[in-house]
Amino acid sequence: MSEFAADFPGAVVRPSPNHGLRADQRSPDMLILHYTGMPDHEQALSWLCNPDSQVSSHYFVHEDGRVLQLVPESARAWHAGKSCWGGESDINSSSIGIEIANAGHPDGLPPFPAAQIEAVVRLCRDCGSRWNIAPERVLGHSDIAPIRKIDPGENFPWSALHSAGVGHWVEPAPITSGRFFQRGETGQPIEALHSMLSIYGYDIEITGYFCDRTRGVIEAFQRHFRPQRVDGIADISTIDTLHRLIVSLPKYNPS
């Protein structure tokens, strides 16, 4: 792919051939954050630019805060894979993908350096402003592909991003004892849990049965919004945090 002008003023262009056209000329209305999951960040970057890999992202953020743009925002980068959010299954056509250099779970969840997070905030704010992306549509790969993906992981500082004006967040409810729901349970409370997860955007069928898929979606939710404990159990803390996120959505609080 030939050179192109960077969309983000702070980015250096390193073109990847792995992209195509957005379906129906869609404009992006989501930001999807990933970690690379590889200890060698240059190798991860090379993979995203290798035509044999069939994967890419729009941006790559180094640990020191340097931002590279691999694919123009007008194009469809190949970062989301099989995924779904709010009933939308072609996430690549509706999103901007940001890869963050971090070895992730395979290397014990190393911290994200402050310079890197500051760069991610600047990039997300710039993209969000130009494309009018709603805070609740700034998501992790694990949100749109539960079970299959677990990045950017429970150590990613979503709270810090929200404090800087990026993403949707409420303070997680404290973890306490009390009633909880787990695999194998059935009934109206599980149906209500499924409904709440679906309302927020997660891809889950409302069956009233707490299955393996339910556990996986709960884990994805906890990684993003209740990272203190990721166990796939719908305890009071998880359910209360989910409820407060839903009622704080703009459609429940029209201005």
Side-chain angles (χ1 to χ4, degrees), residues 29-33 80-91 94-95 128 133-159 161-163 166-255:
D29 62 5
M30 305 174 70
L31 291 176
I32 306 301
L33 308 188
K82 185 178 181 181
S83 52
C84 184
W85 186 261
E88 170 66 61
S89 58
D90 185 1
I91 302 298
S94 59
S95 67
I133 296 173
E136 65 271 17
R137 291 178 74 81
V138 180
L139 302 162
H141 201 182
S142 56
D143 292 308
I144 62 171
I147 302 174
R148 188 175 70 84
K149 292 294 180 179
I150 55 176
D151 60 305
E154 51 269 36
N155 274 9
F156 187 74
W158 291 106
S159 176
L161 264 68
H162 179 257
S163 296
V166 175
H168 190 210
W169 180 263
V170 297
E171 195 61 30
I175 298 173
T176 61
S177 60
R179 184 72 172 101
F180 59 86
F181 303 100
Q182 59 186 339
R183 193 186 185 288
E185 297 194 54
T186 61
Q188 193 279 328
I190 310 303
E191 184 176 332
L193 174 63
H194 286 163
S195 296
M196 291 171 67
L197 289 164
S198 179
I199 287 169
Y200 196 72
Y202 287 94
D203 181 28
I204 190 164
E205 186 178 358
I206 301 171
T207 65
Y209 172 62
F210 201 120
C211 58
D212 287 338
R213 174 70 181 178
T214 304
R215 179 184 176 90
V217 172
I218 290 290
E219 287 180 347
F221 174 82
Q222 291 170 335
R223 278 196 176 89
H224 189 150
F225 297 107
R226 209 287 303 272
Q228 295 89 339
R229 182 187 295 170
V230 179
D231 58 9
I233 294 174
D235 57 5
I236 294 171
S237 168
T238 301
I239 294 171
D240 179 68
T241 303
L242 174 58
H243 177 261
R244 286 185 293 114
L245 281 164
I246 290 172
V247 299
S248 67
L249 288 171
K251 62 183 177 181
Y252 290 99
N253 295 277
S255 57

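Checked for salt-bridge contact, R213 and D203 meet the test: a charged N lies under 4.0 Å from a carboxylate O.
Atom CG of D143 is separated from atom CG of L33 by 9.5 Å, given to the nearest 0.5 angstrom. Between I144 atom CD1 and C84 atom SG the span is 9.5 Å, to the nearest 0.5 Å. To the nearest 0.5 Å, the span separating CG on L197 from CD1 on I204 amounts to 5.5 Å. With rounding to the nearest 0.5 Å, the separation of CD in E154 from CD in E219 is 9.5 Å. With rounding to the nearest 0.5 angstrom, the CG atom of N155 is 11.0 Å from the CZ atom of R223. The distance from atom CZ of F225 to atom CG of L245, rounded to the nearest 0.5 Å, is 5.0 Å.
In terms of heavy-atom proximity, I32 sits nearest to S95 at CG1-CB, 3.8 Å. Summarising the geometry of S142 relative to A220, their closest heavy-atom pair is O-CB, 3.4 Å, with the distance given to 0.1 Å. Summarising the geometry of P152 relative to G140, their closest heavy-atom pair is CD-CA, 3.7 Å, with the distance given to 0.1 Å. For the residue pair I147 and G216, the shortest heavy atom distance occurs at CG1-CA, 3.5 Å. What you find for I239 and M196 is that their closest heavy atoms are O-CE, 3.8 Å. Looking at every heavy atom in both residues, E136 comes nearest to P250 through OE2-CD, 3.7 Å.
Without hydrogens or angle criteria, S198 side chain to H194 main chain gives no donor-acceptor distance under 3.5 Å. Judged by distance alone, the side chain of T241 and the main-chain N or O of A173 form a donor-acceptor pair under 3.5 Å. Under the 3.5 Å distance criterion, the side-chain polar atoms of H141 are left unmatched by any main-chain donor or acceptor of D151.
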Could you pull out all donor-acceptor pairs under 3.5 Å where a side-chain atom in residues 226-234 meets a protein atom, sequence neighbours excluded?
| unit_1 | atom_1 | unit_2 | atom_2 | d |
| --- | --- | --- | --- | --- |
| R226 | NE | R229 | O | 3.2 |
| R226 | NH1 | D235 | OD1 | 3.3 |
| R226 | NH1 | D235 | OD2 | 3.1 |
| R226 | NH1 | S237 | OG | 3.0 |
| R226 | NH1 | T238 | OG1 | 3.4 |
| R226 | NH2 | R229 | O | 2.8 |
| D231 | OD1 | Q222 | NE2 | 3.2 |
| D231 | OD1 | I233 | N | 3.0 |

| said: Between W169 and L161, is the side-chain contact (heavy atoms from CB on, under 4.5 Å) condition met? List the steps. | reply: CA-CA 9 Å; W169 180 263; L161 264 68; over 6 Å; no
| task | I would like to know whether T214 and R183 meet side-chain contact (heavy atoms from CB on, under 4.5 Å); could you show each step before the answer? | result | CA-CA 8 Å; T214 304; R183 193 186 185 288; over 6 Å; no
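Partners of H168 by ring-ring contact (aromatic ring centres under 6.0 Å, His included), not counting sequence neighbours, listed by chain and number: Y200. Under the rule for a ring-ring contact (aromatic ring centres under 6.0 Å, His included), F210 has no partner lying at least two apart in sequence or in another chain. Scanning for salt bridge (Lys or Arg N to Asp or Glu O under 4.0 Å) contacts around R148 gives an empty result, with sequence neighbours left out. With sequence neighbours excluded, no residue forms a ring-ring contact (aromatic ring centres under 6.0 Å, His included) with F181.
Contact of the E88 side chain with the D90 side chain is registered, since non-hydrogen atoms from C-beta on lie closer than 4.5 Å. Using a 4.5 Å heavy-atom cutoff, the side chains of I218 and L193 are in contact. Counting only heavy atoms from C-beta outward, the side chains of W158 and V138 approach each other to under 4.5 Å.
Sorted by first and then second residue, the pairs that involve residues 171-180 and meet side chain to side chain donor-acceptor pair (under 3.5 Å), not counting sequence neighbours, are R179-E185.
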